[in-house]
Amino acid sequence: MIIWKGWGILVVLIAVPLAALSSVIAGSIGESVVGPQNADLIAPLGGAVGLAIAAIIVFVLGRWMNAPVPGYDPQTGQPVYFKNRHSLFFIPMQWWSFLLLGVALIFVFGPLTEL
């Protein structure tokens, strides 16, 4: 079960397709360049690149969407800042970018342990 608030689901909708698409592209390019026997080492690198790009997009989008908005309290008329809450599994969107980068590092160094 996925728990999100606001537009927090965009983390999944951005990261998964970008990682999958870049992994497929890198795998097909890797297969034609290094051969089918070593293409398994190239595809995770493409996924890591896709996750890194997704991390940048999620961070910028999360910072923009979760920025406080100035306004006025309807009862007192005093200026206040309204906070937006866009989160996935109770983690604000912009902080998911660091988790995505961590998974990208696992994609990079994971195949290297098999050598």
Side-chain angles (χ1 to χ4, degrees):
M1 180 166 91
I2 298 177
I3 302 169
W4 74 87
K5 189 172 184 182
W7 286 99
I9 192 67
L10 287 177
V11 173
V12 175
L13 296 177
I14 292 170
V16 172
L18 271 175
L21 181 66
S22 62
S23 181
V24 168
I25 291 171
S28 63
I29 291 173
E31 187 173 322
S32 65
V33 173
V34 296
Q37 67 277 8
N38 291 328
D40 293 340
L41 296 174
I42 304 296
L45 295 177
V49 169
L51 283 176
I53 293 170
I56 294 169
I57 293 170
V58 166
F59 183 78
V60 170
L61 192 61
R63 289 284 302 236
W64 177 68
M65 292 177 80
N66 284 329
V69 178
Y72 293 95
D73 187 357
Q75 295 177 350
T76 63
Q78 296 293 321
V80 294
Y81 283 98
F82 297 105
K83 294 183 178 178
N84 295 318
R85 301 284 184 211
H86 301 283
S87 61
L88 179 68
F89 291 113
F90 310 108
I91 300 172
M93 277 181 69
Q94 64 267 24
W95 301 119
W96 273 97
S97 62
F98 298 108
L99 294 172
L100 292 173
L101 286 175
V103 173
L105 287 175
I106 292 172
F107 275 21
V108 168
F109 293 114
L112 297 179
T113 59
E114 297 174 4
L115 295 177

| For the residue pair Ala54 and Ala15, what are the closest heavy atoms and their distance? | CB-CA, 3.7 Å
| message | Would a single hydrophobic cluster contain both Leu101 and Leu88, if residues Ile, Leu, Val, Met, Phe, Trp and Tyr are joined by side-chain heavy-atom contacts under 4.5 Å? | response | no
| task | May I ask whether Leu99 and Val58 are part of the same hydrophobic cluster, defined by side-chain heavy atoms of I, L, V, M, F, W, Y residues being less than 4.5 angstrom apart, directly or through others? | result | yes
| field | Spatial distance of atom CG (Leu51) from atom OG (Ser22) [nearest 0.5 Å] | value | 7.0 Å
| query | Are Tyr72 and Val80 side-chain neighbours, meaning at least one heavy-atom pair lies under 4.5 Å? | reply | no
| field | Interatomic spacing from CD1 in Ile14 to CD1 in Ile9 - rounded to 0.5 Å | value | 10.5 Å
| task | Give, for atom NE2 of His86 and atom CG of Leu10, the distance between the pair rounded to the nearest 0.5 Å. | result | 9.0 Å
| field | side chain to side chain contact (heavy atoms under 4.5 Å, CB included) partner of Leu18, the single match among Ile57, Leu13, Leu100, Val49 | value | Ile57
| query | For the hydrophobic clusters of this structure (ILVMFWY residues joined by side-chain heavy atoms under 4.5 Å, transitively), does one cluster hold both Val24 and Val16? | reply | no
| said: Please check if the number of heavy atoms outside Tyr81 that lie under 6.0 Å from its OH is greater than 12. | reply: no
| query | Do any N or O atoms from the side chain of Asn84 and from the backbone of Ala67 form a donor-acceptor pair under 3.5 angstrom? | reply | yes
| note | Nearest heavy-atom approach of Ala55 to Ser97 is O-CB, 3.1 Å
| field | Nearest non-hydrogen partners of Gly46 and Ala26, listed with the distance | value | CA-CB, 3.5 Å
| request: Group every Ile, Leu, Val, Met, Phe, Trp and Tyr by side-chain heavy-atom contacts under 4.5 Å, then state whether Met65 and Phe90 land in the same group. | output: yes
| said: Would you say that Phe89 contacts Trp96 through its side chain, given a criterion of any heavy-atom pair below 4.5 Å between the two side chains? | reply: yes
| Point-to-point distance, once rounded to the nearest 0.5 Å, from CG of Leu45 to CD1 of Ile29 | 12.5 Å
| Hey, any chance Phe98 and Trp4 share a hydrophobic cluster, counting ILVMFWY side chains that come within less than 4.5 Å of each other, even indirectly? | yes
| task | Kindly compute the distance separating CE (Met93) from CH2 (Trp64), expressed to the nearest 0.5 Å. | result | 10.0 Å
